[in-house]
Amino acid sequence: MEAVVDSSFLISLARAGLLGMLRRLPFDLVWLDAVRRETIDSGIAGGHPDAAAIESAMRSLAVRRTGHASTAPVDAVVVDAAAKAGLLVSNDLALGRRARNLGAHWLRTADVVILLQDTDAIDAGEARAAVIALRDAMRLSPELA
């Protein structure tokens, strides 16, 4: 199964030091050109250190061309691709709801941690540490953690 990843998911993993989890995911990541531009090109231009970490972690993954003009809104491109793939991984509430309304499943970063534990890709201790790292990086609310 393919999963379209949004920049919010990648940024959350990077800020929490969890980009290594990408290798354990039980689905194939779809790395869109629009998300790459938003996450890497704009991130590096804006001086965000997590952009370089994301670029390194995603280096082995081919960038999927979307056929949309580079001026198309990233959210529209992501939702369109997620509807076709059937799965979106994003922390963006509005984006997730739009994808779900089009029939795609939606996972947030915390959902992915739970999925990794449920599929035995990580153990309970690693899952707990990941949740704490996401909370400490302010990418997961204390209440949800």
Side-chain angles (χ1 to χ4, degrees), residues 1-66 68-100 104-119 121-145:
M1 171 182 252
E2 290 187 328
V4 173
V5 294
D6 181 46
S7 58
S8 62
F9 169 66
L10 297 170
I11 292 166
S12 291
L13 292 180
R15 290 188 181 167
L18 300 172
L19 284 167
M21 286 187 159
L22 292 171
R23 293 186 300 274
R24 299 177 180 190
L25 296 175
F27 39 75
D28 298 320
L29 296 180
V30 176
W31 177 228
L32 301 174
D33 53 0
V35 173
R36 187 195 189 290
R37 281 191 303 272
E38 179 182 59
T39 309
I40 306 303
D41 301 343
S42 297
I44 289 172
H48 300 285
D50 51 339
I54 294 167
E55 182 177 40
S56 178
M58 299 294 282
R59 186 170 286 135
S60 65
L61 190 61
V63 175
R64 185 172 294 176
R65 305 273 176 239
T66 59
H68 293 276
S70 62
T71 57
V74 175
D75 287 357
V77 173
V78 169
V79 167
D80 181 54
K84 291 174 184 165
L87 178 59
L88 171 67
V89 184
S90 174
N91 293 331
D92 185 310
L93 180 65
L95 195 63
R97 286 182 176 167
R98 286 173 49 201
R100 212 171 37 199
H105 295 281
W106 169 40
L107 298 174
R108 290 174 257 198
T109 306
D111 300 322
V112 170
V113 171
I114 293 166
L115 177 65
L116 288 170
Q117 182 182 346
D118 286 350
T119 59
I122 62 175
D123 63 31
E126 290 173 291
R128 188 175 302 107
V131 167
I132 291 168
L134 288 165
R135 181 202 64 204
D136 291 351
M138 294 185 285
R139 300 303 288 186
L140 186 62
S141 70
E143 296 79 20
L144 186 55

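What you see is a predicted model, and the numbers here were worked out from it, not measured in a lab. Numbers here are sequence positions counted from 1.
With D111 contributing its side chain and R108 its backbone, the two residues share a donor-acceptor pair below 3.5 Å.
In this structure, CG in D33 is found 10.5 Å from CZ in R64, a value given to the nearest 0.5 Å. Rounding to the nearest 0.5 Å gives a distance of 8.0 Å between OG of S7 and CD1 of I54. Atom CZ of F9 and atom OG1 of T39 lie 11.5 Å apart (nearest 0.5 Å). Taking CE from M1 and CG from D28, the interatomic distance works out to 10.5 Å, rounded to the nearest 0.5 Å. Atoms CG and OG, on D75 and S90 in that order, are 7.5 Å from each other to the nearest 0.5 Å. The CG atom of L32 sits 6.5 Å away from the OG1 atom of T66 when rounded to the nearest 0.5 Å.
A76 and R98 get closest at one heavy-atom pair: CA-NH2, 3.9 Å. The minimum heavy-atom distance linking R100 with W106 is given by the pair NH1-CE3, 3.6 Å. The two residues G43 and A51 have their closest heavy-atom pair at C-CB, 3.7 Å. Residues A130 and L18 share a closest heavy-atom pair of O-CD1, 3.7 Å. The shortest non-hydrogen separation linking A52 to I44 is N-CG1, 4.5 Å. Residues A3 and V89 come closest through the heavy atom pair CB-CG2, 4.0 Å.
At least one side-chain heavy atom of V63 sits under 4.5 Å from a side-chain heavy atom of R65. Taking 4.5 Å as the limit, some side-chain heavy atom of L116 sits within range of a side-chain heavy atom of M21. Residues N91 and D6 have side chains not in contact (no heavy-atom distance under 4.5 Å, counting atoms from C-beta outward).
D92 and S8 share no side-chain donor-acceptor pair at under 3.5 Å.
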L61/R59 under side chain to side chain contact (heavy atoms under 4.5 Å, CB included): CA gap, chis, key distance, verdict = CA-CA 6 Å; L61 190 61; R59 186 170 286 135; over 6 Å; no
Going through the distances and angles, do V4 and V35 end up as a side chain to side chain contact (heavy atoms under 4.5 Å, CB included)?
-> CA-CA 10 Å; V4 173; V35 173; 5.7 Å; no
List the steps and the verdict of side chain to side chain contact (heavy atoms under 4.5 Å, CB included) for I122 and V113.
-> CA-CA 8 Å; I122 62 175; V113 171; 4.3 Å; yes
Just do the side chain to side chain contact (heavy atoms under 4.5 Å, CB included) check on F27 and V5 with the steps written out, would you?
-> CA-CA 11 Å; F27 39 75; V5 294; 5.6 Å; no
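Considering I11, L10, V131, L13 as possible partners of T109, the one that fulfils the side chain to side chain contact (heavy atoms under 4.5 Å, CB included) test is L13.
Listed by first and then second residue, the side-chain hydrogen bond (donor to acceptor under 3.5 Å, both in side chains) pairs that reach into residues 48-58 are R15-D50, R36-E55, sequence neighbours excluded.
For R24, the side chain to side chain donor-acceptor pair (under 3.5 Å) partners at least two apart in sequence or on another chain are E126.
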